Amino acid sequence: MNSDAVIVALHEVADPERARHSARYFKTGPGEYGEGDIFIGVTVPQVRAVARQYRDLPPSDVMELLESREHEVRLCGVILLVNRYRRSRSPVEKSELFSLYLSGVHTGRVNNWDLIDLGAPTFGGFLLGNPDRVALLNDLARSPSLWERRLSIMLTFAFIRVNEFAEALSMAEFHLADKHDLIHKAVGWMLREIGKRDVAVLRAFLEAHTTQMPRTALRYAIEKLDEAERQQWLRRR
């Protein structure tokens, strides 16, 4: 059981036509956010099936997967880290797994929105009750890296799930001036999740910030409101 075996298993179910479609979908062309990424054409359910087969892969081998040039191999590495974190009952191991995931982002190997979004809501749980969480989120939010900035928002999903909204609202407000559409979508998504739990909190944020919100963020945020109210907010924009 090693990283090479995982890679072989993924290649056994790879599909070149699917790889071409994925390359277009994840914007791998020149100047696009996924420029240069390589896809081999494996679906997420297939990657998850391989991850289950190798669920006890040592962390050192998981990190070798994250070093791969192939997107689905790195995806498998993220899934293995997430699944191991969820199974763990050891605070020390959870801390180590969180650090491994974060290092993958810092080194540019966890480098597309699916890799961020798959890991962040789980690993954000490590920050619950952590006194350093605000400093970490702020550092990520100020990063020139698109993926670190998206991570700063997506980690707060774990807080939202336990009805702690302060960090998510702070990140949403901070990122209103960001120029990238993938940040706008993440902001709107987290605001929508807040609104599903406490619509009054969402409305208060909208009252304060609608005129400054990117239209994409606003549309995502109000998606679960009724049509009449959605139109009211859109007219304010």
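This is a predicted model, so every value here is computed, not measured. The first residue in the sequence is number 1, and the count goes up from there.
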Intermediate values then yes/no, side chain to side chain contact (heavy atoms under 4.5 Å, CB included), V6 and V73: CA-CA 8 Å; V6 175; V73 176; 5.8 Å; no
K94 atom NZ, neighbour heavy-atom count above 12 within 6.0 Å: yes
More than 12 heavy atoms from other groups under 6.0 Å of NZ on K224: no
A172 to V187 - nearest heavy-atom pair and separation: CB-CG1, 3.9 Å
Non-neighbouring partners of F174 that pass ring pair (Phe, Tyr, Trp, His ring centres under 6.0 Å), sequence neighbours left out: none
Point-to-point distance, once rounded to the nearest 0.5 Å, from NZ of K196 to CD of E223: 9.0 Å
Short side-chain to backbone donor-acceptor contact, D226 and E229, under 3.5 Å: yes
Nearest-0.5 Å distance, CG of residue L218 to CZ of residue R192: 12.5 Å
Side chain to side chain contact (heavy atoms under 4.5 Å, CB included) between E193 and R161, intermediate numbers included: CA-CA 8 Å; E193 290 298 326; R161 285 171 169 168; over 6 Å; no
CZ-CG distance between R20 and D15, expressed to the nearest 0.5 angstrom: 8.0 Å
Less than 3.5 Å apart, which donor and acceptor atoms pair up between the side chains of residues 49-61 and the rest of the protein, not counting sequence neighbours?
| unit_1 | atom_1 | unit_2 | atom_2 | d |
| --- | --- | --- | --- | --- |
| D61 | OD1 | S3 | N | 3.0 |

Counterpart residues, ring pair (Phe, Tyr, Trp, His ring centres under 6.0 Å), relative to F159 (two or more places apart): none
Side-chain donor-acceptor pair present, H71, T28, cut-off under 3.5 Å: no
Closest non-hydrogen atom pair between V42 and L10, with its separation: CG2-O, 3.5 Å
Residues forming a ring pair (Phe, Tyr, Trp, His ring centres under 6.0 Å) with F126, sequence neighbours excluded: F98
side-chain hydrogen bond (donor to acceptor under 3.5 Å, both in side chains) partners for R230, two or more places apart: E227
Ionic contact status for R74 with D37, cut-off 4.0 Å: yes
With sequence neighbours excluded, residues passing side-chain hydrogen bond (donor to acceptor under 3.5 Å, both in side chains) with R236: E207
Residue list, side-chain hydrogen bond (donor to acceptor under 3.5 Å, both in side chains) with R24, at least two apart or on another chain: none
Parallel, tilted or perpendicular, as decided by the 30° and 60° cut-offs, for the rings of H209 and F205: tilted
Listed partners of R86 passing salt bridge (Lys or Arg N to Asp or Glu O under 4.0 Å), at least two apart: none
Passing option when W147 is tested against L115, L140, N111 for side-chain contact (heavy atoms from CB on, under 4.5 Å): N111
ILVMFWY network linking Y33 to W189, side-chain heavy atoms under 4.5 angstrom: yes
P121 to A158 - nearest heavy-atom pair and separation: O-CB, 3.5 Å
Closest non-hydrogen atom pair, L137 against M171: O-SD, 3.9 Å
Path from V134 to I160 over hydrophobic side-chain contacts below 4.5 Å: no
Joint cluster assignment, L118 & M63, ILVMFWY side-chain distance < 4.5 Å: yes
Counterpart residues, side chain to side chain contact (heavy atoms under 4.5 Å, CB included), relative to S170 (two or more places apart): none
Exercise: identify the closest heavy-atom pair between A120 and L155: O-CD2, 3.6 Å
Parallel, tilted or perpendicular, as decided by the 30° and 60° cut-offs, for the rings of Y101 and F123: parallel
Cluster check V162, I153: I/L/V/M/F/W/Y, side chain < 4.5 angstrom: yes
Expected output: side-chain R237 to main-chain W233 donor-acceptor under 3.5 Å: no
Listed partners of T43 passing side-chain hydrogen bond (donor to acceptor under 3.5 Å, both in side chains), at least two apart: Q46
E72 side chain to G41 backbone, donor-acceptor under 3.5 Å: yes
Separation of L176 CG from T211 OG1 (nearest 0.5 Å): 9.5 Å
Minimum heavy-atom distance between W113 and Y25, given as atom pair plus value: CZ2-CE2, 3.6 Å
Qualifying salt bridge (charged side-chain N to carboxylate O under 4.0 Å, His left out) pairs with a residue from residues 105-114, counting only residues at least two apart or across chains: none
Full working for side chain to side chain contact (heavy atoms under 4.5 Å, CB included) between L169 and E173: CA-CA 6 Å; L169 293 170; E173 183 176 9; over 6 Å; no
Test item: S99 side-chain N/O and S95 main-chain N/O as donor-acceptor pair under 3.5 Å: yes
Residue pairs, two or more places apart or on separate chains, that pass salt bridge (charged side-chain N to carboxylate O under 4.0 Å, His left out) and touch residues 124-152: D117-R150, R133-E164, R133-E167, R149-D178
Check against side chain to side chain contact (heavy atoms under 4.5 Å, CB included), L66 and T107: CA-CA 10 Å; L66 289 183; T107 57; over 6 Å; no
CG-CG distance between N112 and L75, expressed to the nearest 0.5 angstrom: 10.5 Å
Straight-line distance of I7 CD1 to E64 CD, nearest 0.5 Å: 8.0 Å
Verify same cluster id: V92, L81 (apolar side-chain graph, 4.5 Å): no
Ring geometry between F39 and F26 (parallel below 30°, tilted from 30 to 60°, perpendicular above 60°): parallel
